[in-house]
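One structure is given below, encoded as structure tokens.
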Amino acid sequence: MKKTLFFLFLWLIAIPKISAQKPDTLAAYYDKIEKSFTYESGKITLQEGDGTLNVPKGFKFLNAEQTQNVLSNLWGNPEDKTILGSLVPDGKGVTHNNSWMFVISYQGDGYVKDDDAGDIDYDDLLKTMKEDVAAENEERKKGGYSEVELIGWASKPYYDNTLKVLHWAKELEFGHDKNHTLNYDLRVLGRKGMYNISAVAGIDQLAEVKASIPGIIKSVEFNDGNKYLDFDADTDTVAAWTIGGLVAGKVLAKVGFFAILAKFAKFIVIGVIAAFAGIKKFLFGNKDQVVTKPAEETALLEENNNSTEE
């Protein structure tokens with residue numbers, strides 16, 4: 001409780017400094033953060049799944065550690081150690097108001113059968129998904145995170161039977177934020193698992209994200225011997241879900257609905273950022289090589305209140 005009061009005190013004394021900050025000073029601060037990241041291009045060997053990423057035109061690659069820094073410490077997501085890296089659009093750094101990225105991870109739970117791909121009623125499936133999301137909100141609140149509402153399809157599911165790639169998009173609302181979040185998901189299927197590629201963006205960026213999908217679909221591929229068609233029914237494991245289960249999010253059941261990623265794009269003044277850096281150090285201790293920016297003022301207060309009271 002004492003830590004919470006200390007947090008609120010520093011927060012309040014920082015507010016009067018808001019009007020004193022110059023726009024160019026704030027821009028320089030974000031530019032400094034952006035320049036601290038190291039981007040890559042060309043061919044990237046993915047650390048899991050025996051696959052390769054060929055960074056597509058118009059994108060740059062950010063490795064696993066730096067991506068986790070962005071998602072957790074800049075954009076306010078729970079830690080996810082399965083992340084292998086991300087693809088960031090050229091000309092859009094991670095601190096920009098209109099920034100977004102594709103996050104890449106691997107799930108090696110077996111070969112996903114696609115027999116049901118042509119028989120799924122996705123409108124009916126959406127109703128079930130909304131119910132599942134609502135049921136998960138109690139656990140989210142216990143963990144100190146905002147509730148989530150699944151608004152609907154931003155792009156209806158589509159399975160490319162030739163490339164063995166599934167993709168779809170959901171429109172989500174976090175808490176009472178009317179700036180809805182876009183989750184555009186791709187699953188590249190392989191012999192022993194799949195690569196998950198998820199766009200973390202705002203719903204207003206749907207057209208931009210969707211336009212990049214053809215290039216993204218072909219950017220990640222399994223190496224020879226681990227492709228979908230290399231499946232051996234005598235020796236390989238078959239996953240417990242099919243195409244419908246992937247779309248419905250059943251694969252995420254083991255880790256809960258926290259696996260949904262979001263980008264909170266509300267930028268605040270440098271005075272509050274500086275105050276938050278000191279507060280976070282006091283509340284949580286030091287973290288090596290971490291750049292911090294609050295995700296959202298009200299969400300941040302709620303999260304710290306919950307964590308300190310527990």
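Computed from a predicted model, the values in this text were never measured in an experiment. Count residues from 1 along the sequence.
Looking at heavy atoms from C-beta onward, T242 lies out of side-chain contact with D115 at the 4.5 angstrom threshold. Side-chain contact between V209 and F102: present, with at least one pair of heavy atoms (C-beta onward) separated by less than 4.5 Å. Here the side chains of K130 and L126 are in contact, with some heavy-atom distance below 4.5 Å. Looking at heavy atoms from C-beta onward, L189 lies out of side-chain contact with L166 at the 4.5 angstrom threshold. With contacts defined as side-chain heavy-atom distances shorter than 4.5 Å, the pair F231/K113 does not qualify. Residues S212 and W100 have side chains in contact (heavy-atom distance under 4.5 Å, counting atoms from C-beta outward). Inter-residue side-chain proximity for W168 and Y122 is flagged as unmet; no heavy-atom pair is nearer than 4.5 Å. Side-chain contact between L246 and M194: present, with at least one pair of heavy atoms (C-beta onward) separated by less than 4.5 Å.
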* **Verdict with supporting geometry, V220 and Y106, side-chain contact (heavy atoms from CB on, under 4.5 Å)** => CA-CA 11 Å; V220 174; Y106 174 74; over 6 Å; no
* Please step through side-chain contact (heavy atoms from CB on, under 4.5 Å) for the pair K170 and D185, ending with a clear verdict. => CA-CA 8 Å; K170 302 184 296 288; D185 290 300; 3.0 Å; yes
* **Intermediate values then yes/no, side-chain contact (heavy atoms from CB on, under 4.5 Å), D160 and I217** => CA-CA 10 Å; D160 189 319; I217 284 177; 5.6 Å; no
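Within the structure, salt bridge (Lys or Arg N to Asp or Glu O under 4.0 Å) contacts touching residues 93-103 (residues at least two apart or in different chains) do not occur. For residues 203-217, the salt bridge (Lys or Arg N to Asp or Glu O under 4.0 Å) pairs, not counting sequence neighbours, are K92-E208.
The backbone N or O of L172 lies less than 3.5 Å from no partner atom in the side chain of N183, so there is not a single donor-acceptor pair. The closest donor-acceptor contact from the side chain of D230 to the backbone of K227 lies under 3.5 Å. Between the Y195 side chain and the G190 main chain, no donor and acceptor come within less than 3.5 Å of each other. The backbone N or O of G215 lies less than 3.5 Å from no partner atom in the side chain of K218, so there is not a single donor-acceptor pair. Between the side chain of D114 and the main chain of A117, no donor-acceptor pair closer than 3.5 Å is present. In this structure a side-chain-to-backbone donor-acceptor pair under 3.5 Å is present from Q205 to N98. Checking side-chain atoms of E48 against main-chain N and O of L84 turns up no donor-acceptor pair under 3.5 Å. With hydrogens and angles ignored, the 3.5 Å screen pairs no side-chain donor or acceptor of Q107 with any backbone N or O of G193. Remark: the backbone N or O of T45 is paired with a side-chain donor or acceptor of Q47 at under 3.5 angstrom.
Heavy atoms from other residues, nucleotides or ligands lying under 6.0 Å from CD of E40 number more than 12.
The only option from N69, T67, N63 that meets the side chain to side chain contact (heavy atoms under 4.5 Å, CB included) definition with F37 turns out to be N69. Screening T237, D236, D232 for a side chain to side chain donor-acceptor pair (under 3.5 Å) with R191, the sole residue that qualifies is D236.
Closest heavy-atom contact between E79 and Q68: CA-NE2, 3.6 Å. For P214 against A211, the heavy-atom pair with the smallest separation is CD-O, 3.5 Å. Smallest separation of non-hydrogen atoms from M101 and V103: SD-CG2, 3.7 Å.
Taking CG from L125 and CG from D121, the interatomic distance works out to 8.5 Å, rounded to the nearest 0.5 Å. L46 CG to E221 CD: the interatomic distance, rounded to the nearest 0.5 Å, is 10.0 Å.
With salt bridges taken as basic N to acidic carboxylate O contacts below 4.0 Å, none links D123 and K127.
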Pair up each side-chain donor or acceptor in residues 50-57 with any protein partner under 3.5 Å, not counting sequence neighbours, and list the distances.
unit_1 : atom_1 : unit_2 : atom_2 : d
D50    : OD1    : N223   : ND2    : 2.8
D50    : OD2    : N226   : ND2    : 2.5
T52    : OG1    : N223   : OD1    : 2.9

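Cluster membership for V200 and I151, using ILVMFWY side-chain heavy atoms within less than 4.5 angstrom, is not shared.
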